[in-house]
Colleague: 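Sharing a structure here in structure tokens format.
Values reported hereafter were calculated over all heavy atoms of this structure, with side chains retained and with hydrogens, waters and symmetry mates removed. Protein chains get the first letters and strands the later ones, always in sequence-line order, with residue 1 at the start of each.
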Protein chains: 2
Amino acid sequence: MVRAGLSPERLTLAGAELADEAGFDQVTLSALARRFDVKVASLYSHLKNSQELKTRIALLALEELADQVAYAVAGRAGKDALMAFANAYRDYARAHPGRYEAARFRLDPQTAAASAGVRHAQMTRAILRGYNLTEPDQTHAVRMLGSVFHGYANLEAAGGFSHTDVASQESWVWTLDSLDAALRNRATP
Amino acid sequence: MVRAGLSPERLTLAGAELADEAGFDQVTLSALARRFDVKVASLYSHLKNSQELKTRIALLALEELADQVAYAVAGRAGKDALMAFANAYRDYARAHPGRYEAARFRLDPQTAAASAGVRHAQMTRAILRGYNLTEPDQTHAVRMLGSVFHGYANLEAAGGFSHTDVASQESWVWTLDSLDAALRNRATP
DNA sequence: TGCGTCTACCTAAACGCTGTAGGCAAATCG
DNA sequence: CGATTTGCCTACAGCGTTTAGGTAGACGCA
């Protein structure tokens, strides 16, 4: 009996790949076992249950996304930082649709608090520094930006923007321009 | 043997209620059969499969949502119409989280084209009349608004806005004010 | 090097949801 | 009132999850 060399990390990574290929809801322990040519029950030595697998994939995705965003916004400010943040976000969602879906997976509060999700919040606040917003406007802006980025990625992934000739890329730039203008409008002098 | 009096319509409605109570992903034929105190196989006389049930719930939700939005925006224009549209949308998502989730269910192109989804698109364009946008700006604006509304409803439903003291309602109004300003900025004189 | 322990992977089996085939009885219609 | 339709049934097969308990490879220690 040759051992397959499984580990929570390898399973998580394979699960993330599976999510990108087939969708996050297709990520099952059965499918994963098939991929490693192993019996399903064997996975329970490495993962408590399928919930843990999904949670781990979600955490991986949040981590990756936060890393990409952090790299993108480093050394930028104002509209430049806003665009970099937004593009990093959207690019990740397009390149890794399954992982992006996973990143939206509902985590229990403790897990969420210890996840890279907090880095996302911090970075969003960071790019707003260039717009001189005071509380509670800053919180409002964080929510607005989060809504737009997430909403756009979501609708785009669902194919909602493929019905007309207008390129999605142009609408994206137009939207970011509008947001930038709106935020500049809110600046306290 | 007393008959239960099932029908596709009753099953769809019960499925929508179940979705609101337990989440759209908890809507299964098994759960529905339990609710009607009937064997699962009996449902297959009324529905082709569980996919059809979900599709029907999605269509119901789209219809209801379009009706509410239509009622809300009737007789309004400009910012007034924008706010009414947005509030109708958000209110529906909050009052019927499961149905709202269902409304985002991926429909095949034919079904989508025959659904109330087209009314949504029409109404979004309608409220933009007050902002004097020319193509392709109008399409961009439709996408931006769709993203914000959907993104906000989604994040709010996920509990993403409950970590700070700032009330979600205030952020919502702030966001809509910003959008209105951004759109007025884009108007062709 | 050999022995004992640990553990990675296994078989077996229970449970829940989906879906199909075929049967019986209630509703309906001529 | 009899014939047909149809609503709900039982039975069963397939697939995913999860637990219990067994076997053999890996690893530590003398």
Colleague: Could you pull out the protein-nucleic contacts involving nucleotides 18-20 of chain C (nitrogen or oxygen on both sides, under 3.5 Å)?
Modeller:
residue: C/dT18; atom: OP2; partner: B/Leu29; partner atom: N; Å: 2.9
residue: C/dT18; atom: OP2; partner: B/Ser30; partner atom: N; Å: 3.0
residue: C/dT18; atom: OP2; partner: B/Ser30; partner atom: OG; Å: 3.3
residue: C/dG19; atom: OP2; partner: B/Tyr44; partner atom: OH; Å: 3.4
residue: C/dG19; atom: OP2; partner: B/Ser50; partner atom: N; Å: 2.9

Colleague: A/Leu11 has an atom CG; how far is it from atom C1' of C/dC9, in whole Å?
Modeller: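 For the pair A/Leu11 CG and C/dC9 C1', the rounded distance is 13 Å.
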Colleague: Return yes if some donor-acceptor pair links the side-chain N/O of A/Arg99 with the main-chain N/O of A/Asp20 below 3.5 Å, else return no.
Modeller: no
Colleague: Could you tell me how far apart B/Glu9 (CD) and D/dG7 (P) are, to the nearest whole angstrom?
Modeller: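 Between P of D/dG7 and CD of B/Glu9: 12 Å.
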Colleague: Whole-Å distance between D/dA26 C1' and A/Leu6 CG?
Modeller: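 Whole-Å distance recorded here is 15 Å.
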Colleague: Quick one: A/Leu43 CG to C/dT11 P, roughly how many Å, whole number?
Modeller: 13 Å
Colleague: Could you walk me through whether A/Thr175 and B/Arg143 pass the side chain to side chain donor-acceptor pair (under 3.5 Å) test, one step at a time?
Modeller: CA-CA 8 Å; A/Thr175 297; B/Arg143 291 174 176 179; over 6 Å; no
Colleague: Find the distance B/Leu47:CG to D/dG7:C1' and express it as a whole number of Å.
Modeller: 13 Å
Colleague: Between B/Thr111 and B/Asp108, is any side-chain donor less than 3.5 angstrom from a side-chain acceptor?
Modeller: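 Result is yes, a qualifying pair exists.
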Colleague: Below 4.0 angstrom from OP1 or OP2 of C/dG16, is there any side-chain N or O of B/Arg34?
Modeller: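 Answer is no, no contact under 4.0 Å.
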Colleague: Parallel, tilted or perpendicular: which fits the ring planes of B/Phe105 and B/Phe24, with parallel below 30° and perpendicular above 60°?
Modeller: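 Ring orientation, 0 to 90° scale: perpendicular.
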Colleague: Measure up the B/His96 and B/Tyr92 rings against each other and bin them: parallel (under 30°), tilted (30 to 60°), perpendicular (over 60°).
Modeller: tilted
Colleague: Could you tell me whether the side chain of B/Gln68 and the main chain of B/Glu64 form a donor-acceptor pair under 3.5 Å?
Modeller: no
Colleague: Does a side chain donor of either A/Tyr89 or A/His120 reach within less than 3.5 Å of an acceptor in the other side chain?
Modeller: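 A/Tyr89 vs A/His120: no donor-acceptor pair found between side chains.
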Colleague: Using OP1 and OP2 only, check whether a side-chain N or O of B/Ser42 sits under 4.0 Å from D/dC9.
Modeller: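 Yes, B/Ser42 has a side-chain N/O under 4.0 Å of OP1/OP2 on D/dC9.
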Colleague: Grab the CD-P distance between A/Glu52 and D/dT17 for me, whole Å please.
Modeller: 14 Å
Colleague: Mind calculating the distance between NZ (B/Lys39) and P (D/dT10) to the nearest angstrom?
Modeller: 5 Å
Colleague: Rounding to an integer number of Å, can you tell me how far A/Leu18 CG sits from D/dG16 C1'?
Modeller: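 Between C1' of D/dG16 and CG of A/Leu18: 14 Å.
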Colleague: Please state whether the phosphate of C/dC9, meaning OP1 or OP2, lies under 4.0 angstrom from any side-chain nitrogen or oxygen of A/His46.
Modeller: yes
